[in-house]
Amino acid sequence: MHCITLDRETPFDLGKTLSCGQVFRWKEKGGAWSGVIEDQVVVTRQDGSKLYWRGATEEEIVRYFSLDTDLPAILGAIDRDPVIHHAINRSEGLRIIRQPHWECLASYIIATFTNIPSIKRRIGLLCGAFGEEISRGDEPWHSFPGAESIAKGRDRLPGICRLGYRAPYLLDTADRVAADPTWAERVASCPYDEARAMLMKYKGVGRKVADCVLLFGFGRLCAVPVDVWIERILRNYYLEKEGGPVSYEYLRHFAQDYFGEYAGYAQEYLFSIREELGSGKNFPRTGQC
DNA sequence: GTCCAGGTGGCCG
DNA sequence: CGGCCACATGGA
């Protein structure tokens, strides 16, 4: 069992980071979280400033959980009003994970127009059917299947994974990714707008999914996915007028201008308390939008 | 039965 | 460009 001690400049909340809806495979049992990082089963637990784990190197843990990111500086930069301030207080220590590129892209294609429990179930079925067996000890685990494995299992995919109309999207994207091993480095090397346009050429990847993949898979902390919850929160607290038609791009640009270069973090902190913020107006409207 | 969920693709003006 | 609408699935 490895252990590191987190200092004052490295706030981290393992549970909030893994349960806020950015990743879909981790499971908590008795305070211990089990999951998969790059084909390795990892079990980890936090006790105050101590972070314990097994199944990965310290370097891999630091990278995956973004422990090398200056979170206090980011939170200081986005802390601009009572609403986001409250979200920061509620979820301090939440970090945006660095997900593997393909896992992130495939997961967010599966994550469209559904709810988080269903997403977890479908991704679990996908991994069980097409991932490689990497069990360690008691719990059976599978790696996240590569694009080739999914493409090869195209006939079984619809029946097994309950993806509905998303199955052909995932298969089409899996084909193209499998045939293009450098797709991720090209996305990574482009500026935000270009990278986003590249991602949106894949089937099942629109504006929102592209922003999720850039934020959670490519570390583009300026990316702001606007889902129904974020739209609701922006309408409740940030728009001049609550009603009326507002486009995705308008809301995204507002959030990026208003919160700045780490707007993606603001998005995730607001998302993490979506039920509390989305169901009413618990704060005065800032009316900046 | 109805409504909702980390939306997208296709079509139409 | 923007406005519609169908699209599978499962839980409340």
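Just so it is clear: chains get the letters A, B, ... in the order the sequence lines come, proteins before strands, and each one is counted from 1. Hydrogens, waters and symmetry mates are skipped; everything else that's a heavy atom, side chains included, is used.
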Can you measure A:F113 atom CZ to B:dC3 atom P for me and round it to whole angstrom units? 13 Å
Interatomic distance, A:L215 CG vs B:dG6 C1' [rounded to whole Å]: 12 Å
Send over the distance from A:L163 CG to C:dC7 P, rounded to a whole Å. 18 Å
Taken to the nearest whole Å, CD1/A:I119 to P/B:dC4 is 18 Å
Does A:Y52 offer a backbone N or O that forms a donor-acceptor pair with the side chain of A:T44 under 3.5 Å? yes
Rounded to whole Å, how long is the line connecting atom CH2 of A:W229 with atom P of B:dC4? 11 Å
In whole angstrom, what separates A:I116's CD1 from C:dT9's C1'? 16 Å
Could you tell me the separation between the CZ atom of A:R122 and the C1' atom of B:dG7, rounded to a whole number of Å? 13 Å
Which of the following nucleotides, B:dA5, C:dG10, B:dG6, is nearest to the side chain of A:I230? B:dG6
Pair A:R63, A:E60 - check salt bridge (charged side-chain N to carboxylate O under 4.0 Å, His left out), show working. CA-CA 5 Å; A:R63 170 162 180 77; A:E60 289 165 336; over 6 Å; no
Short side-chain donor-acceptor distance under 3.5 Å, A:D211 and A:Y192: yes
Letter per nucleotide, 5' to 3', of nucleotides 8-13 of chain B [B base touched, S only sugar-phosphate touched, - untouched; heavy atoms, 4.0 Å]: SS----
Give the ring-plane orientation class for A:Y258 versus A:F254, where under 30° counts as parallel, over 60° as perpendicular and anything between as tilted. parallel
Rounded to the nearest Å, what distance is computed from the CD atom of residue A:E249 to the P atom of nucleotide C:dG2? 9 Å
Heavy atoms under 4.0 Å, any strand shown: does A:E231 hit a base, just sugar-phosphate, or nothing? nothing
Does the side chain of A:T57 come under 3.5 Å of the side chain of A:E59 through a donor N or O and an acceptor N or O? no
Each nucleotide N or O in nucleotides 3-5 of chain C that has a protein N or O under 3.5 Å away: list the pair and distance.
none

Under a 3.5 Å threshold, yes or no: a donor from one side chain and an acceptor from the other, between A:R252 and A:Y248? no
Using atom C1' of each nucleotide, how far apart are B:dT8 and C:dG11 to the nearest Å? 23 Å
Ring of A:Y108 versus six-membered ring of B:dG6: centres under 5.5 Å and planes under 30°? no
Going by the angle between their ring planes, with limits at 30° and 60°, are A:H2 and A:W53 parallel, tilted or perpendicular? parallel
C:dC7 and B:dG6: how far apart are their P atoms, nearest whole angstrom? 22 Å
Does one side chain, of A:R80 or A:T286, offer a donor that lies under 3.5 Å from an acceptor on the other? no
Residues passing the ring pair (Phe, Tyr, Trp, His ring centres under 6.0 Å) test with A:H86, sequence neighbours excluded, are A:F283
